[in-house]
Amino acid sequence: MHLELVTSISTECFIQALRRFTARRGRTSIVYSNKETNFVGVSAGLKKVDWEKVVSQETLNPITWKFIPPTATWCGRWWEQLIHSVKNLIVRVFGQASVNYEELLTILCDIDAIINCRPLTYISLEFEDLLPLTPSIFLQI
């Protein structure tokens with residue numbers, strides 16, 4: 001999971017957030033999302049890019065945007081569960097407190113780290129030496 005703080009839900013802000021994500025986590029080939037207007041705008045914008053020209057000059061591949069069907073919210077259940085976990089952490093950390101932009105950005109980074117340190121499974125041949133396999137291990141490779 002990657003959390004990014006934006007000041008608006010406009011397409012322009014989303015493009016900037018996507019650029020920051022790519023700079024920090026690496027370029028992705030497929031993005032799955034619901035069909036919110038800012039996601040649709042970015043998808044349409046990415047289709048206008050001359051990817052053949054970009055690929056000839058760079059080692060980049062176009063991003064494929066896949067939208068879940070509007071009536072099938074179960075398609076995004078696994079990431080919606082992560083969003084629910086993030087919201088719970090935000091409520092526990094802030095409660096009724098008022099924070100500034102920098103504090104919110106810092107706490108979102110902390111929450112990002114907490115979510116990515118959850119164990120997915122364990123890797124070990126011996127029961128005594130159980131090592132957790134976490135999303136952060138994949139992000140740090």
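Throughout, residue positions are numbered sequentially from 1 according to the sequence presented.
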If you round to the nearest 0.5 Å, how far is [atom2] of [Y] from [atom1] of [X]?
| X | Y | atom1 | atom2 | answer |
| --- | --- | --- | --- | --- |
| Ile90 | Ile107 | CD1 | CD1 | 9.0 Å |
| Lys66 | Ser43 | NZ | OG | 12.0 Å |
| Ser8 | Phe14 | OG | CZ | 12.0 Å |
| Leu3 | Phe21 | CG | CZ | 11.0 Å |
| Asp110 | Ile115 | CG | CD1 | 12.0 Å |

TODO: For residues 85-107, pull every pair meeting side chain to side chain donor-acceptor pair (under 3.5 Å), keeping only residues two or more places apart or in separate chains.
DONE: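 Sorted pair list: His84-Asn88.
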
- [ ] Please assess Cys13 against Thr7 for the test side chain to side chain contact (heavy atoms under 4.5 Å, CB included), listing each intermediate value before the final yes or no.
- [x] CA-CA 7 Å; Cys13 284; Thr7 56; 3.9 Å; yes

Task: Path from Leu105 to Val6 over hydrophobic side-chain contacts below 4.5 Å - done: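 Shared cluster, no.
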
Task: Arg118: partners by salt bridge (charged side-chain N to carboxylate O under 4.0 Å, His left out), with sequence neighbours left out - done: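 Listed in chain order: nothing, the list is empty.
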
Open item on the list: Which residues pass the salt bridge (charged side-chain N to carboxylate O under 4.0 Å, His left out) test with Glu12, not counting sequence neighbours?
Closed with: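 Glu12 satisfies salt bridge (charged side-chain N to carboxylate O under 4.0 Å, His left out) with no other residue.
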
Open item on the list: Quick test of your reading of the model: are Arg24 and Glu4 salt-bridged, counting only N-O distances below 4.0 Å?
Closed with: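 Yes, charged N to carboxylate O under 4.0 Å.
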
Task: More than 12 heavy atoms from other groups under 6.0 Å of CZ on Arg19 - done: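 Open: at most 12 neighbouring heavy atoms sit under 6.0 Å from CZ of Arg19.
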
Task: Heavy-atom donor-acceptor pair, Asn116 side chain to Met1 backbone, under 3.5 Å - done: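 Present.
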
